Undergrad: 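Can you keep this structure in mind? I'll have questions shortly.
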Amino acid sequence: MSLKVYNSLKRQKEVFTPINPPYVGMYVCGPTVSGESHLGHARPYITFDVLYRYLMHLGYKVRYVRNLTDAGHFEEEGREAEDKISKKAVLEKLEPMELVQKYTRLYHWAMERLNNLPPAIEPTATGHITEQIEMIKKIIADGYAYETNGSVYFDVEKYNTDFSREGQPYGILSGRILEDQIESTRELDNQDEKRNKSDFALWKNAPPEHIMRWQSPWGEGFPGWHIECSAMSRKYLGDEFDIHGGGMDLQFPHHECEIAQSAVCNHKMMARYWMHNNMITINGKKMGKSYNNVIKLTELFSGEHPLLTQAYAPMTIRFFILQSHYRGTLDFSNEALQGSEKALKRLLEAHDWLAQQQGLGNDDAAATDPELNGKVDKLLNEFTEFMNDDINTAKVVANMFELVSVINAIKDKHLPAAALRKDIAAQLQQQMKLFVEDIFGLKNERADNNGKLDGVLQLLIDIRKDAKSRKDFVTSDKIRNELSALGVQLKDEKDGGMSYTVA
RNA sequence: AGCCGCGUGGCCGAGCGGAAAGGCAGGGGUCUGCAAAACCUUUUACGAUGGUUCGAAUCCAUCCGUGGCGUCCA
């Protein structure tokens, strides 16, 4: 059975066939590092991280490219118009690079906390000005762009006319018809510089106070909003690559413009499979700057935001996102996050216990419970089946929980461990580890302290056991309650054992 | 205006033509010195109205609500 993904370009699920197996090229639109990442940004990065991990698990050699936008229309968050910023930045001697570095570091920190693997290449727009200029020159030379007052615009109408004949009209990805849009575009700055309203900027002339500027054949300026992705994906993945991903809101105009620019330069549809994740909503609305409903990742991790009743761990966020399918909207609320927090805790505790077991299962297959074996086997096999069906992590999670019930039943001896066949038990351990840790990237966030904490707690557990055996409940309760107040929960187990979890 | 999309229990979410996954919360129970955890068990749902079909949450139509794009934003 092979992997199928929903291709936005074709509006249907398709079998994934790489252009040059076993190599896979994947480009995902990264953040603009002029501000902090928020919960909404976490979704595409987690979604495509899981896809990246899954593709590698399938044996593909993946080159994952995710850009950093650090040039162009730039403003630090919390401030207003661009020119004000530039002026203020000049007055305060604030280097654009300072902003970029600050937010890049924060972004990398958040990605690591969310346990997203770093992409193979993380190119920056400022590092590829030359490539962008070269691409723009080529587009002008071919007659699909024109210069006005030091700015360069892409001629969308000409492109649409010519490339429609090649079966690639402008709007092919988002299903828009150019004629329908011409009437509908709103007023923008410098609209009079464009031949048509639907034209978009490839290069913008920089006004004197603009602090980010580069020399170009058209004077000092900065690149347009879409050209970097065309230039950088081409440089690192070639004229035609396998997967292009990003948020649904980028489909139009960003990805549409990328396609047009690349098509002029390479005469190819740049990517075969276009994958778009849906939005995270908060009270039903997209989380975004313009709605003033943004919860930054730092705020989420610390709990410091008026909309938050508590802090949420990065793994809780990751799990919350994986509990839904990436193409559906996901609605944020404290109640939902709290639900995920508890669910994840239960999943990881069962998973940890399972991972520690040795020699689980019964050698004597005849003495095992065929119904149980069949159930576990089926649930495990479906992991792959669901992932192959357009990365349905929600269904995989559902199966994981059915297995958690089985695992806990064995742990608590409600089910005899001997009911499970040896090979099924081994498969259970192997598959749970593979999917929970390697593919979903979930891990216990217990602080790593070289086992010192564990030693200390083991001592307290021994003292408590001792006290209990003497029926000295004052002492045993004191240990339990005071540890609880410190965020360490002791759990008495069936066989007289004790374990703990750190909140 | 237009172009896409969505509306499933208290909450979050799968399913997308054949008896409504899973998680959280709530109820009852087992276990426990008491708890917690765990396990068992259980209440509650397909926006509305028509249609197609032997059969619809799933297809079609209309309506209502709502979101995204359209404009910097994942």
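Every chain is numbered from 1 and lettered A, B, ... according to where its sequence line falls, protein lines coming before strand lines. Here the structure is a predicted model, which means the values were calculated and not measured.
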Undergrad: Just checking A:Tyr45 against A:Tyr107, ring centres under 6.0 Å apart?
TA: yes

Undergrad: Strictly distance-based, threshold 3.5 Å: is any side-chain N or O of A:Asn481 a donor or acceptor partner for the main-chain N or O of A:Asp477?
TA: yes

Undergrad: Aromatic ring centroids of A:Phe154 and A:Tyr159 under 6.0 Å?
TA: yes

Undergrad: Under 4.0 angstrom, heavy atoms only, what part of the nucleic acid is A:His38 near: base, sugar-phosphate, or nothing?
TA: base

Undergrad: Taking the minimum atom-to-atom distance to the side chain of A:Glu402, which one of B:C12, B:G22, B:C69 wins?
TA: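 Nucleotide nearest to A:Glu402's side chain: B:G22.
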
Undergrad: Taking atom C1' of B:G23 as reference, at what distance in whole Å does atom CZ of A:Phe320 sit?
TA: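 From A:Phe320 CZ to B:G23 C1': 12 Å.
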
Undergrad: Under 4.0 Å from OP1 or OP2 of B:G70: is there any side-chain N or O of A:Arg176 that close?
TA: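 For B:G70, neither OP1 nor OP2 has a side-chain N or O of A:Arg176 closer than 4.0 Å.
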
Undergrad: Contact class for A:Pro253 vs. all strands (heavy atom < 4.0 Å): base, sugar-phosphate, or nothing?
TA: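 A:Pro253: backbone/sugar contact only, no base atoms under 4.0 Å.
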
Undergrad: Which of the following nucleotides, B:G15, B:A36, B:G10, is nearest to the side chain of A:Glu335?
TA: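 Closest of the options to the side chain of A:Glu335: B:G10.
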
Undergrad: Just name whichever nucleotide pairs with B:G67, Watson-Crick or G-U, keeping both distances under 3.5 Å, else none.
TA: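 Looking at the geometry, B:G67 pairs with B:C4.
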
Undergrad: Can you tell me the distance, in whole Å, between the CG atom of A:Asn408 and the P atom of B:G23?
TA: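 Those two atoms, CG and P, are 11 Å apart.
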
Undergrad: How many Å lie between CZ on A:Arg11 and C1' on B:G5, as a whole number?
TA: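 Distance check: A:Arg11 CZ to B:G5 C1' gives 12 Å.
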
Undergrad: Does A:Asp492 contact B:A35 through a side-chain donor or acceptor facing the base, at a distance under 3.5 Å?
TA: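 A donor-acceptor contact between them is present.
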
Undergrad: Looking at the side chain of A:Asp249, which of B:G33, B:C69, B:C40 is the nearest nucleotide?
TA: B:C69

Undergrad: So, OP1 or OP2 of B:G5: does either fall under 4.0 Å of a side-chain N or O from A:Arg327?
TA: no

Undergrad: For A:Gln251, answer base if it contacts any base atom (sugar-phosphate contacts may also be present), sugar-phosphate if it contacts only those atoms, and nothing otherwise; contact means non-hydrogen atoms under 4.0 Å.
TA: nothing

Undergrad: Starting from C1' on B:C3, measure out to CG on A:Leu173 and report it in whole angstrom.
TA: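 Those two atoms, CG and C1', are 13 Å apart.
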
Undergrad: Of the options B:G15, B:A36, B:C12, whose atoms approach the side-chain atoms of A:Asn392 most closely?
TA: B:G15

Undergrad: Using both distances under 3.5 Å as the test, list the Watson-Crick or G-U wobble partner of B:G10, or none.
TA: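 Partner of B:G10: B:C24.
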
Undergrad: Indicate whether A:Phe473 forms a stack on B:G33; treat it as stacked only if centroid distance is below 5.5 angstrom and interplanar angle below 30 degrees.
TA: yes

Undergrad: Closer than 4.0 Å, any side-chain N/O of A:Lys411 to the OP1 or OP2 of B:C39?
TA: no

Undergrad: Determine which nucleotide pairs with B:A36, using a 3.5 Å limit on both distances of a Watson-Crick or G-U wobble pair.
TA: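 Partner of B:A36: none found under 3.5 Å.
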
Undergrad: Which base sits across from B:A61 as a Watson-Crick or G-U pair, both distances under 3.5 Å?
TA: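 When the pairing criteria are applied, B:U49 turns out to be the nucleotide that pairs with B:A61.
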
Undergrad: Take the protein atom CD of A:Glu341 and the nucleotide atom C1' of B:C12, then report the distance between them rounded to whole Å.
TA: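 It is 14 Å, rounded to the nearest whole Å.
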
Undergrad: Quick check for you: among B:G33, B:C40, B:A37, whose closest atom lies nearest to any side-chain atom of A:Lys491?
TA: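 The listed nucleotide nearest to A:Lys491's side chain is B:A37.
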
Undergrad: Taking the ring centre of each residue, are A:His244 and A:Tyr273 less than 6.0 Å apart?
TA: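 Between A:Tyr273 and A:His244, which both carry aromatic rings, the centre distance is not below 6.0 Å.
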
Undergrad: Between the base of B:C34 and the side chain of A:Arg480, is there a donor and acceptor pair under 3.5 angstrom?
TA: yes

Undergrad: Select base, sugar-phosphate, or nothing to describe what A:Phe401 touches, counting heavy atoms under 4.0 Å on all strands.
TA: sugar-phosphate

Undergrad: How would you label the contact of A:Asp477 with the nucleic acid (heavy atoms, under 4.0 Å): base, sugar-phosphate, or nothing?
TA: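 Contact class for A:Asp477: base.
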
Undergrad: Just checking A:Lys471: base, sugar-phosphate only, or nothing, at a heavy-atom cut-off of under 4.0 Å?
TA: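 Contact class for A:Lys471: none.
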
Undergrad: At 4.0 Å (heavy atoms only), tell me whether A:Gly175 reaches a base, stays on the sugar-phosphate, or touches nothing.
TA: sugar-phosphate

Undergrad: With heavy atoms under 4.0 Å as the rule, sort A:Ala398 into base, sugar-phosphate or nothing.
TA: base

Undergrad: Are A:Trp109 and A:Phe301 close enough that their ring centres sit under 6.0 Å apart?
TA: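 Aromatic pair counts; centres sit under 6.0 Å.
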
Undergrad: At 4.0 Å (heavy atoms only), tell me whether A:Ile280 reaches a base, stays on the sugar-phosphate, or touches nothing.
TA: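 Contact class for A:Ile280: base.
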
Undergrad: Please report the distance, rounded to the nearest Å, between OH in A:Tyr500 and P in B:A37.
TA: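 These atoms are roughly 19 Å apart.
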
Undergrad: Should the pair A:Asp472-A:Lys468 be classified as a salt bridge under the 4.0 Å nitrogen-to-oxygen rule?
TA: no

Undergrad: Identify whether any heavy atom of A:Ser37 sits under 4.0 Å from a base atom; if not, whether one sits that close to sugar-phosphate; answer base, sugar-phosphate or nothing.
TA: nothing

Undergrad: From the set B:A36, B:G33, B:G22, return the single nucleotide nearest to any side-chain atom of A:Gln489.
TA: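 Within the option list, the nearest is B:A36.
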
Undergrad: Would you say the ring centroid of A:His255 lies under 6.0 angstrom from that of A:His276?
TA: yes

Undergrad: Of the nucleotides B:A14, B:G70, B:G13, which one has an atom closest to the side chain of A:Asp331?
TA: B:G13

